[in-house]
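Just so you know, ligand 1 is whichever comes first in the structure, and atom 1 is the first atom listed for that ligand. Just so you know, residue 1 is the first one in the sequence shown, and it goes up from there. Worth knowing before you read on, the calculation uses all heavy atoms, side chains too, and leaves out hydrogens, waters and symmetry mates.
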Amino acid sequence: MEIAALAIPEVKLLTPRKHGDDRGFFSEVYNKKVLAEAGIDIDFVQDNHTWSVEAGTLRGLHFQAPPFAQDKLVRVVRGSIFDVAVDLRRGSPTFGQYVSATISAAAWNQILMPIGFAHGFVTLEPDCEVLYKVSDYYAPEHDMGVAWNDPDIAIDWPLNGRDAKLSEKDRKLPLLKDLPEVFVYDD
Ligand SMILES: Cc1cn([C@H]2C[C@H](O)[C@@H](COP(=O)(O)OP(=O)(O)O[C@H]3O[C@H](C)C(=O)[C@H](O)[C@H]3O)O2)c(=O)[nH]c1=O
């Protein structure tokens, strides 16, 4: 498992090994012990699976507020996504900044973001399937978000001239400046 830090170092890019042979491949895509040995000790409790039909499908920017905040480990088993983590931790030197990575079945990579970040992605091709682990259960009453196109975050989404396909909920998410304080930076 290769593990690299992105520009906001709490967000990691993971690349599991693929063991190929004439049948295909085998890959340990999650190993709690391997991550713990790398200092990433997270108890994931729920697996999510989303399928997006069209390229340009944009889900985000979402997070769950404490006490149901979630670490997330995201991977793609069909297609590719432009994945984004936005630092929402008040007091963080990178508050309101984002990191991004292209996560794809072809690259066989994953992105890990801790509690304190909003998550979103846009699909780069049709028929994308995204699987991700979260470290707390779904809590709809604590499900929150930030507008995908917040000018203060200014995410450079690769929409390639198409309109983002958004849920009604995501069309109405607040701007970062209007969010209540939910996460505090704990360096
Ligand atoms: C998140 C979630 C949703 N649901 C139900 C609620 C709705 O009936 C339906 C679709 O939910 P939603 O529109 O919130 O799905 P996404 O827009 O893909 O939301 C996700 O998108 C971004 C990228 C995330 O990181 C979050 O995990 C999550 O917010 O699934 C559940 O039953 N369990 C869950 O854990």
Side-chain angles (χ1 to χ4, degrees), residues 6 8 10-14 29-30 35 40 42-89 94 96-105 107 109-150 153-159 162-176 178-180 182-183:
L6 292 179
I8 300 177
E10 295 90 332
V11 183
K12 312 285 185 192
L13 201 60
L14 283 58
V29 290
Y30 171 69
L35 294 188
I40 302 168
I42 300 172
D43 290 320
F44 291 107
V45 297
Q46 180 177 308
D47 279 348
N48 298 331
H49 187 150
T50 69
W51 173 51
S52 299
V53 179
E54 297 173 24
T57 301
L58 197 153
R59 299 172 185 258
L61 300 158
H62 301 156
F63 63 96
Q64 289 195 168
F68 300 97
Q70 299 168 318
D71 306 90
K72 294 176 183 169
L73 177 57
V74 184
R75 70 191 188 103
V76 174
V77 293
R78 186 201 308 271
S80 56
I81 64 172
F82 175 83
D83 199 277
V84 170
V86 181
D87 191 350
L88 298 183
R89 301 167 299 172
T94 53
Q97 296 179 31
Y98 75 95
V99 286
S100 64
T102 296
I103 306 298
S104 69
N109 56 356
Q110 309 174 0
I111 187 168
L112 176 81
M113 59 196 75
I115 285 169
F117 286 76
H119 177 229
F121 65 81
V122 66
T123 56
L124 299 173
E125 49 193 284
D127 197 19
C128 283
E129 295 203 60
V130 179
L131 279 59
Y132 55 105
K133 293 181 169 304
V134 293
S135 61
D136 211 328
Y137 299 104
Y138 180 47
E141 70 285 358
H142 287 74
D143 193 21
M144 298 178 69
V146 182
W148 67 282
N149 54 355
D150 186 321
I153 305 172
I155 297 170
D156 185 14
W157 296 102
L159 289 167
R162 59 170 80 90
D163 290 337
K165 183 176 183 63
L166 297 157
S167 66
E168 275 314 303
K169 177 185 79 168
D170 287 356
R171 290 181 191 284
K172 302 169 189 159
L173 291 174
L175 296 177
L176 179 60
D178 299 326
L179 263 193
V182 286
F183 302 109

Specify whether the nearest protein heavy atom to [atom] is under 4.0 angstrom away.
atom: atom 8 (O) of ligand 1; value: no
atom: atom 30 (O) of ligand 1; value: no
atom: atom 34 (C) of ligand 1; value: yes
atom: atom 23 (C) of ligand 1; value: yes
atom: atom 4 (N) of ligand 1; value: yes

Could you list the atoms of ligand 1 found under 4.0 angstrom from a heavy atom of [X]?
X: K169; result: 12 (P), 14 (O)
X: H119; result: 23 (C), 24 (C), 25 (O)
X: K72; result: 24 (C), 25 (O), 26 (C), 27 (O)

Nitrogen or oxygen of S167 less than 3.5 angstrom from that of ligand 1: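 Such a contact does not occur with ligand 1.
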Whether over 12 other heavy atoms sit under 6.0 Å from D163 CG: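 No.
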Partners meeting ring pair (Phe, Tyr, Trp, His ring centres under 6.0 Å) with F117 (sequence neighbours left out):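 Checked F117 against ring pair (Phe, Tyr, Trp, His ring centres under 6.0 Å); zero matches.
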Close approach of Q70 to ligand 1, heavy atoms, under 4.0 angstrom: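 No, Q70 has no heavy atom closer than 4.0 Å to ligand 1.
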For the pair [X] (side chain) and [Y] (backbone), establish whether a donor and an acceptor sit closer than 3.5 Å, ignoring hydrogens and angles.
X: W157; Y: W148; result: yes
X: T123; Y: I81; result: no
X: Q64; Y: A139; result: yes
X: Y98; Y: A118; result: no
X: E129; Y: W51; result: no

Closest to atom 2 (C) of ligand 1 among F121, Y138, Y132 (heavy-atom distance):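 It is Y138 whose heavy atom sits nearest to atom 2 (C) of ligand 1.
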Option passing side chain to side chain contact (heavy atoms under 4.5 Å, CB included) with V86 (candidates V146, I155, V99):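 Of the listed options, the one satisfying the test is I155.
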Verdict with reasoning, E54 to R162, per salt bridge (Lys or Arg N to Asp or Glu O under 4.0 Å): CA-CA 11 Å; E54 297 173 24; R162 59 170 80 90; over 6 Å; no
Minimum-distance protein heavy atom relative to atom 15 (O) of ligand 1: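 Sorting protein heavy atoms by distance from atom 15 (O) of ligand 1 puts R59 NH1, 4.2 Å first.
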Nearest non-hydrogen protein atom, atom 19 (O) of ligand 1: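 That would be H62 ND1, 3.2 Å.
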